Every structure is written in C-alpha cells, then in structure tokens.
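Below is one structure; the comments refer to it alone.
Every number for a ligand or one of its atoms is a count from 1 in the order of the listing. None of the values given here were measured: they were computed from a predicted structure.
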Amino acid sequence: MATSKDYGLGEFAFPRGWFMIAAAAELTDKPKPLRYFGRDFVLYRGKQSGKATLLDAYCPHMGTHLGINSTSYVVRDGQHIDGDGIRCPYHGWRFGADGKCDDIPGLKGSIPKAACVRSWPVHESMGVIWVWHDPENGEPEWEAPTLAEWDDPAWVHWKLDDLGTLPVHGQEVIDNITDMAHFGPIHGIGAVEFFENEFSGPYVTQRMIGPHRTLVESGEKLYTDTTYHGPGFLLSKMLGRHPSIILIANTPVDDGVTHAWHALLVKSPHEVAEQEDVAVARAFQEASLAAFAQDFEVWANKRPALRILQVNSDGPFHLERIWYKQFFNPRAKRAEYCKRVDGIHRSKGQGWTVPQLRTG
Ligand code: FES
Ligand SMILES: [Fe+2]
C-alpha cells in the first residue's frame, strides 16, 4: 500500500472532487456510519425533506459517534433522526442538516457557537449519493454528476455493483485512462486502432476504437468515449453490443485504500424500455463487470507503481499523473498543472469517426 505522499502527489492526502459515498436506494432515515477521506461521517435522509445529509460523525459535546447506536432511548423511541436533524444518542443534542446544534435538552441560556459539526455538500443523482470533498472547503469547482440519458425512458437504469475496498491508491485506478497497452493482454483487443487522450481542466477523456472479446461480437469494433470528471469517477459512453454508459467510481477510504463501484446504463431499442430490455441490460452489465474485473484483479495484487517504466507503446501516463496532481494541491496552483497537459494527445490512429459518442 502506498500513500499520496509516496506518489508525490502534493500537499493534500485526499483530493478535491465529487465522490460517490453511497447508493441512494439504501439510504433511509436510519443513520449510516461511513468512513472516507480518513475521517468518520454519518449519512442519513431527513424525515422532513427526504434530502441526504452528511455530517462529521463525532458530537462536539463528548465525542459520541452520532450514527452508531442501537440501545439509547433516543434511538429506540424513534428520535434519532428528528425532522431533518439528528440527535446524539448520549445526551440528546440535536444537530440540523447544516451541522449546527439547535436543541440541547434542559439547557438554560443560549447554545454555544462551538456546538456544531461539519456538514458536507452532497448531491443525489443517478441512484448515487455524491459528496464534494475539498481540503480547502471551497465551493464545487465543476458540476455535480448528471447524465441526460438517465432521464430518457429508452435507457434501462443501472444497478450499482459495489466492489468493496482495495488496498490500492486511486492513482493506480486513474492510470487506466491513459493505458493503451493493457487493452490487448487484459481485454483481448488484438490491435487498438485508435487511441487518444484529451486533457481539459478537471476532465480527462480517452477515445478508443478496437475489437473487444467481452463486449462486442467477433469481427465488430468497440467504440468508447470515456471521461474522468475529476479524480472520483468516470463515465464511458460505449457503442458495443448495445449503446451503453459505464460508471466507475473510486473514493479514498484512507490514504492508499480505495472503495470502488461499477454500473452500466443500457439503451433499449424501444422508446420506453420494456421488461425484457431490463434482462438484456442486466446481462450486458454482467459482461461489463467481467471486463472491469480483469483490471480489478491486477490492481488488487500489484505493488504500487510509484514510478512507471514508461515506453513509447504506452499511452501518456506522464501527462495523466501531472493532471491528477491538480486535485491534491491548493486550487491556486491548478492552472500550473493544467497548462502542462491541456490538449489532445494522440497515441494511435488517424481520426475519431463516431461523433455521436461525444460526451459533450
Ligand atoms: S456526547 Fe453528544 S450530546 Fe453529549
Ligand atoms: Fe481496462
């Protein structure tokens, strides 16, 4: 296991960006303890608004974990989530969704200012709860994750594959976006015909054309247009057996430990997807997961590549590793990293011929 410091990424152990933290369907008004970015949180759905709230886990009064308790009468009496706030199981202080304490049972006088926990910016979309993590506590620097296809009834919604945690730094996962040479050995792509990367601020895109043993019929080609939206997740628009969009999310749990998810949105041939389309989409998601598992097996067992012995048949790892640093350093330095990498880097082939795959 290697840390952000071992990779020389920058000042922060954990990067800035939108990150997946939970599946929306599982989130209820029963608080869920979570650990990401080397800290503990409590996540819950407010009873009043139904909105997801993410707070730092420990009560400022005496340090109780706000989300882990089954025996306190606060919990047994159904007071744990109270409106859109949460009550500490120990002495019943209530914190609003903004993290400020707004009730201390029995208190005479005013609530101290220090009676608050940090409330984190969350966003719910595409069946996912996302958090904007920022070591500088700034506003989100780019848009929260969305996909127009999610709201199009022709597309079959994904189910999220939770792949659990890996003792691997996100760097090793992100390297994949520029990894042209793994497609043959890992995915059975005999010869990649076209491969380019485009770096643009917090986004890096890979466009690839080639045969694929898992995702297209023999003799046909797979077209993918894959974009990392910051360091936390990619969306890959894919023309294979079915038009589809892969989600791969990676979120740091501790420095050098990563939680990963996979999902696949599949377009049906009907204006409104029918029951039988769901079965087809699920089967295709299984195939996509099997392809991703081929990468995953390598990551789970490799030693950290603190330095890559890069050769000219690789993609531009050296640029991707500079791009990734922008998220581990103060945003005042962001432009420096972007200036060094922004633009298109073509590794193979002549032209990109599938403009309808552009992610925009
Ligand atoms: S420790 Fe939370 S209210 Fe006392
Ligand atoms: Fe791969």
Taking only heavy atoms of [X] into account, list the atoms of ligand 1 that are under 4.0 Å away from them.
X     : result
Cys88 : 1 (S), 2 (Fe), 3 (S)
Thr64 : 1 (S)
Met62 : 1 (S)

**Message:** Other residues, nucleotides and ligands only: do more than 12 of their heavy atoms fall within 6.0 Å of CD on Glu136?
**Reply:** yes
Taking the basic N atoms (NZ, or NE/NH1/NH2) and the acidic carboxylate oxygens, is any pair closer than 4.0 Å for [X] and [Y]?
X      : Y      : answer
Arg321 : Asp175 : yes
Asp255 : Lys5   : no
Asp225 : Lys237 : no
Arg39  : Asp56  : yes

**Message:** Among Trp261, Phe37, Phe14, exactly one meets ring-ring contact (aromatic ring centres under 6.0 Å, His included) together with Phe19. Which residue is that?
**Reply:**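 So the option named by the test is Phe37.
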**Asked** Between NE2 of His182 and NE2 of His187, what angle is found at the Fe ion (ligand 2), rounded to 10 degrees?
**Response**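 Here the angle at the metal atom is close to 90°, to 10°.
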**Request:** Would you mind naming the N, O or S atom of His61 nearest to atom 4 (Fe) of ligand 1?
**Result:**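 Atom name returned: ND1.
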**Request:** Among the N/O/S atoms of His91, select the one at the shortest distance from atom 4 (Fe) of ligand 1 and name it.
**Result:**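 Looking only at N, O and S atoms of His91, the one nearest atom 4 (Fe) of ligand 1 is named ND1.
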**Request:** Answer yes or no as to whether an N/O/S atom of Cys59 is found below 2.8 Å from atom 4 (Fe) of ligand 1.
**Result:**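 No, since none of the N, O or S atoms of Cys59 sits under 2.8 Å from atom 4 (Fe) of ligand 1.
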**Prompt:** Got a sec: is Asp295 within less than 2.8 Å of the Fe ion (ligand 2) via an N/O/S atom?
**Reply:**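 Of the N, O and S atoms in Asp295, at least one lies under 2.8 Å from the Fe ion (ligand 2), which means yes.
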